[in-house]
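Comments concern the structure below.
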Amino acid sequence: MFVIYVQTGREDYVRCRLRQLDYAAYVPKRILKHRKKGIYYSIPQILFTGYVFLDTKRISAEDYYKIRSITGVGNFLNRTIPLPEAEEKYIKDLCGSEEMGISKGYITDGRLIVTEGFLKRYENRIVKYSRRQHRATVELTLYGKPHRMVYGIDIETEKEHKEKALVDPLPALCRNVDI
């Protein structure tokens with residue numbers, strides 16, 4: 001997998017053009033909550049602005065010039081060395097679905113526990129979170145350099161989490177019983 005610099009705002013266009021040329025290209029997206037006049041809106045955003053990920057093992061000279069001829073393409077982050085395997089796995093996880101939804105979790109003893117969503121797999125990489133802003137910051141590396149990425153998360157307190165667990169639509173004794 002290789003990383004391509006593109007003009008900001010042209011990521012989706014370049015991805016579409018690369019797919020028309022039979023390349024596997026990705027632009028990972030996330031959904032963040034924004035509050036406006038007291039109402040929260042879920043807004044999709046590009047996770048790595050100015051980058052497109054190209055899934056290929058190597059790039060020939062012909063491929064290089066074909067890709068560079070696309071309007072909006074700048075250059076390759078590193079044309080000779082692909083992303084390390086662990087980083088490539090992370091990017092493919094991000095690209096598994098077209099947009100990454102909002103994860104869910106709760107706080108216990110000042111520690112964030114992720115119960116569902118994308119962040120559950122990367123819970124140990126969360127460096128900070130904000131309950132009010134519905135965001136969690138995860139630290140990852142690309143080509144060995146650390147980067148911090150912000151993801152959407154709904155966080156509740158431990159008390160709220162336990163109260164939800166206690167509320168059950170059917171009591172345990174009534175399940176799987178023929179009436």
Side-chain angles (χ1 to χ4, degrees), residues 1-15 18-19 23-35 40 42-59 63-64 67-68 70 72-157:
M1 182 172 283
F2 291 88
V3 184
I4 305 171
Y5 285 125
V6 298
Q7 288 177 344
T8 304
R10 292 226 173 203
E11 296 92 351
D12 286 326
Y13 171 78
V14 171
R15 178 188 50 118
L18 286 169
R19 287 186 177 174
Y23 292 106
Y26 304 104
V27 177
K29 294 183 181 180
R30 64 183 169 198
I31 296 178
L32 288 179
K33 284 189 171 185
H34 290 282
R35 194 172 111 192
Y40 281 99
S42 296
I43 307 215
Q45 292 181 344
I46 293 174
L47 191 57
F48 300 95
T49 54
Y51 295 99
V52 173
F53 294 90
L54 183 66
D55 192 10
T56 183
K57 295 296 176 195
R58 71 179 205 90
I59 296 174
D63 292 333
Y64 174 78
I67 292 168
R68 285 293 309 269
I70 297 172
V73 170
N75 208 344
F76 286 83
L77 191 60
N78 192 333
R79 188 172 68 128
T80 56
I81 304 170
L83 276 174
E85 205 168 305
E87 295 171 8
E88 182 176 339
K89 181 186 174 300
Y90 177 76
I91 297 298
K92 285 185 178 179
D93 272 354
L94 289 173
C95 302
S97 62
E98 200 59 33
E99 290 176 351
M100 227 180 333
I102 296 176
S103 300
K104 295 184 184 205
Y106 65 96
I107 299 171
T108 178
D109 297 327
R111 193 169 149 252
L112 177 64
I113 307 294
V114 181
T115 56
E116 62 183 73
F118 173 78
L119 290 177
K120 186 168 183 154
R121 290 175 282 194
Y122 297 98
E123 186 175 354
N124 60 340
R125 292 184 179 204
I126 295 175
V127 292
K128 68 180 182 177
Y129 58 86
S130 171
R131 183 170 180 226
R132 185 180 70 81
Q133 294 179 341
H134 299 271
R135 296 175 189 205
T137 303
V138 176
E139 190 166 281
L140 62 114
T141 59
L142 280 178
Y143 283 113
K145 294 181 182 176
H147 292 274
R148 288 190 172 196
M149 308 307 307
V150 178
Y151 299 98
I153 185 166
D154 282 333
I155 303 172
E156 53 192 23
T157 63

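- K128 pairs by the side chain to side chain donor-acceptor pair (under 3.5 Å) definition with nothing, not counting sequence neighbours.
- The CE atom of M149 sits 4.0 Å away from atom CG of L47, with the distance rounded to the nearest 0.5 Å.
- Among residues two or more places apart in sequence or in another chain, the ring-ring contact (aromatic ring centres under 6.0 Å, His included) test is passed with Y51 by Y5.
- Within 6.0 Å of CZ in R68 there are more than 12 heavy atoms belonging to other residues, nucleotides or ligands.
- Minimum heavy-atom separation, G152 to L32: N-CD2, 3.4 Å.
- Under the rule for a side chain to side chain donor-acceptor pair (under 3.5 Å), E116 has no partner lying at least two apart in sequence or in another chain.
- Although no hydrogens or angles enter the test, the distance criterion places no donor-acceptor pair under 3.5 Å between the side chain of R10 and the main chain of V73.
- Between the CG atom of L54 and the CG atom of D63 there is a distance of 8.5 Å, given to the nearest 0.5 Å.
- The number of heavy-atom neighbours closer than 6.0 Å to NZ of K33, taken from other residues, nucleotides and ligands shown, is above 12.
- In this structure, the separation between CD on E87 and NE2 on H147 is 8.5 Å, given to the nearest 0.5 Å.
- Distance NZ/K120 to CD1/I153: 11.5 Å, rounded to 0.5 Å.
- Smallest separation of non-hydrogen atoms from S42 and I102: OG-CD1, 4.1 Å.
- Taking the ring-ring contact (aromatic ring centres under 6.0 Å, His included) definition, one finds that F48 meets it with F53, sequence neighbours left out.
- Here the shortest heavy-atom pairing between G50 and T8 reads CA-OG1, 4.3 Å.
- Here the closest non-hydrogen pair linking E123 and I113 is OE2-CA, 3.2 Å.
- Within a 6.0 Å radius of CZ in R111, other residues, nucleotides and ligands contribute 12 heavy atoms or fewer.
- Within the structure, the salt bridge (Lys or Arg N to Asp or Glu O under 4.0 Å) test picks out the following pairs touching residues 136-151 (sequence neighbours left out): E139-R148.
- Heavy-atom minimum distance, G72 versus V14: C-CG2, 4.3 Å.
- For the pair R30 (side chain) and V150 (backbone), a donor-acceptor distance under 3.5 Å is present.
- Residues satisfying the salt bridge (charged side-chain N to carboxylate O under 4.0 Å, His left out) test with E88, not counting sequence neighbours, are K92.
- Judged purely by atom type and a 3.5 angstrom limit, T115 uses its side chain to pair as donor or acceptor with the backbone of K104.
- Rounding to the nearest 0.5 angstrom, the gap separating the OH atom in Y23 from the CG atom in D55 is 13.0 Å.
- Once rounded to the nearest 0.5 Å, the distance linking CD of E11 with CD1 of I4 reads 12.0 Å.
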>> Apply side chain to side chain contact (heavy atoms under 4.5 Å, CB included) to residues N75 and Y64 and explain how you reach the verdict.
In response: CA-CA 9 Å; N75 208 344; Y64 174 78; 3.5 Å; yes
